[in-house]
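The block underneath contains the structure these notes are about, expressed in structure tokens.
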Amino acid sequence: MAQKTSSKSGKKRSKKQQAIFRRRRIVVGIAAIVLISFLVFCLYSLSRGIVAVNREIHHADVYAISRKEVPSPTKEKKSGVPDCDASNVALSLTPAASSFGVGDSMDFTTDVKYDGSSKVGCLVDVSASSVVLTIKSGDDVVWKSNVCPVDTDYRLLAKGDEVKQTIIWPGTRTGSECVEDQSTLPKVDRGVYSAQLSIEGHPKAKSDPVGVTIE
């Protein structure tokens, strides 16, 4: 029987050497499989990463374009309801009394009533920063209710609707800046003052002036 010899040396391999040779071939094969699997995994992960990056870039571009193409929403564009102005509301102002003493405060009842004919009505911010009480002495503005900022309070007014509220004049003179404790402001002197209600931004929307006396 012919014996198996090494192709390089021509010598016969022992069973032990043959076993070692087979194990080496198995190890090399496994290492090659692991290496190929690793490379495939790396390529797959890289491709997924590229797709994700492209998706994010595309999303950002679309979002930026949409932000440019879509105008900023406004009250009127969102609801289709116009702002209340002199053409569709009537303002009135009623003081709690016709006179009060120096250093005292006075309550005014404000009334914003729908006076238009539209079926959709109108939209108005009835907060003190929009529906403004102004106290004057002649042409001198003594006090305004919107010096200190407040939260907006939008209301939809239609036929038959009205909003009544109370604004308190503490009998002081306001400055150009907000003062939380209005008792620290200077008190106004004795005399006759004029009070009027208006809607900020709509100069024609005003109540009739009301006279009050400080005694």
Side-chain angles (χ1 to χ4, degrees), residues 62-100 105-180 182 185 188 192-213:
V62 170
Y63 180 74
I65 292 172
S66 64
R67 285 292 300 274
K68 291 179 181 179
E69 293 179 349
V70 178
S72 298
T74 61
K75 300 188 300 295
E76 191 169 337
K77 289 181 179 178
K78 286 178 65 177
S79 63
V81 180
D83 289 339
C84 294
D85 55 27
S87 68
N88 47 30
V89 293
L91 305 181
S92 62
L93 184 66
T94 305
S98 59
S99 63
F100 62 107
S105 61
M106 175 173 284
D107 293 353
F108 289 86
T109 300
T110 65
D111 188 4
V112 181
K113 184 176 182 179
Y114 184 72
D115 194 32
S117 57
S118 172
K119 293 182 180 180
V120 299
C122 64
L123 195 65
V124 61
D125 175 12
V126 296
S127 68
S129 62
S130 179
V131 177
V132 183
L133 172 60
T134 302
I135 308 295
K136 289 185 176 181
S137 176
D139 293 332
D140 179 27
V141 176
V142 175
W143 188 86
K144 295 188 73 172
S145 63
N146 65 341
V147 173
C148 290
V150 296
D151 293 335
T152 57
D153 184 9
Y154 283 103
R155 304 288 181 89
L156 176 63
L157 302 182
K159 185 177 180 180
D161 291 338
E162 62 181 335
V163 178
K164 290 188 176 184
Q165 299 183 105
T166 299
I167 297 179
I168 301 174
W169 177 32
T172 58
R173 177 183 290 273
T174 54
S176 58
E177 297 181 356
C178 175
V179 177
E180 294 294 338
Q182 296 203 20
L185 296 172
V188 296
V192 178
Y193 295 83
S194 174
Q196 191 172 36
L197 195 66
S198 62
I199 296 180
E200 188 74 9
H202 300 280
K204 293 183 178 180
K206 294 182 179 180
S207 70
D208 292 331
V210 177
V212 293
T213 303

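These numbers were taken from a predicted model, which means no experiment stands behind them.
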Distance check, rounded to the nearest 0.5 Å: Phe100 atom CZ versus Tyr193 atom OH?
8.5 Å
Of all the heavy-atom pairs spanning Ala205 and Asp85, show the shortest one and how long it is.
CB-C, 4.1 Å
Taking Leu133's backbone N and O only, do any of them form a donor-acceptor pair with Ser145's side chain (distance below 3.5 Å, no angle check)?
yes
Minimum heavy-atom distance Ser194-Pro209, with the two atoms named:
OG-CB, 3.5 Å
Please examine the side chains of Ser137 and Val188, heavy atoms only from C-beta on, and report whether any two atoms are closer than 4.5 Å.
no
Does Lys159 pair with Asp161 as a salt bridge, N-O distance under 4.0 Å?
no
Quick one, Val89 and Cys122 - any side-chain contact, counting heavy atoms below 4.5 Å?
yes
Please give me the minimum heavy-atom distance between Val81 and Leu123, naming the atom from each residue.
CG1-N, 3.7 Å
Between CG on residue Leu197 and CG on residue Leu93, distance to nearest 0.5 Å:
5.5 Å
Quick one: CE on Met106 to OG on Ser99, what's the gap to the nearest 0.5 Å?
6.5 Å
Can you tell me how far the SG atom of Cys84 sits from the OH atom of Tyr154, to the nearest 0.5 Å?
11.0 Å
Are Thr174 and Val142 packed together at the side-chain level, in the sense that at least one heavy-atom pair is separated by less than 4.5 angstrom?
no
Spacing of Leu91 atom CG and His202 atom NE2 [to the nearest 0.5 Å]:
11.0 Å
Working to the nearest 0.5 Å, report the span between OG1 of Thr172 and CH2 of Trp143.
7.5 Å
Go through Phe108 and Ile168 one step at a time and tell me if the side-chain contact (heavy atoms from CB on, under 4.5 Å) criterion holds.
CA-CA 6 Å; Phe108 289 86; Ile168 301 174; over 6 Å; no
Side chain to side chain donor-acceptor pair (under 3.5 Å) involving Asp140 - partner list, sequence neighbours excluded
Arg173
May I have all residue pairs that pass side chain to side chain donor-acceptor pair (under 3.5 Å) and include part of residues 112-129, sequence neighbours excluded?
Asp125-Ser127, Ser127-Ser129
Quick one: salt bridge (charged side-chain N to carboxylate O under 4.0 Å, His left out) pairs with a partner in residues 198-213, sequence neighbours left out?
none
Side-chain (Gln165) to main-chain (Thr110) donor-acceptor, under 3.5 angstrom:
no
Kindly indicate whether the side chain of Leu157, heavy atoms from C-beta on, has any atom under 4.5 Å from the side chain of Val124.
yes
Closest approach of Lys144 and Thr134, non-hydrogen atoms and distance?
CE-OG1, 3.7 Å
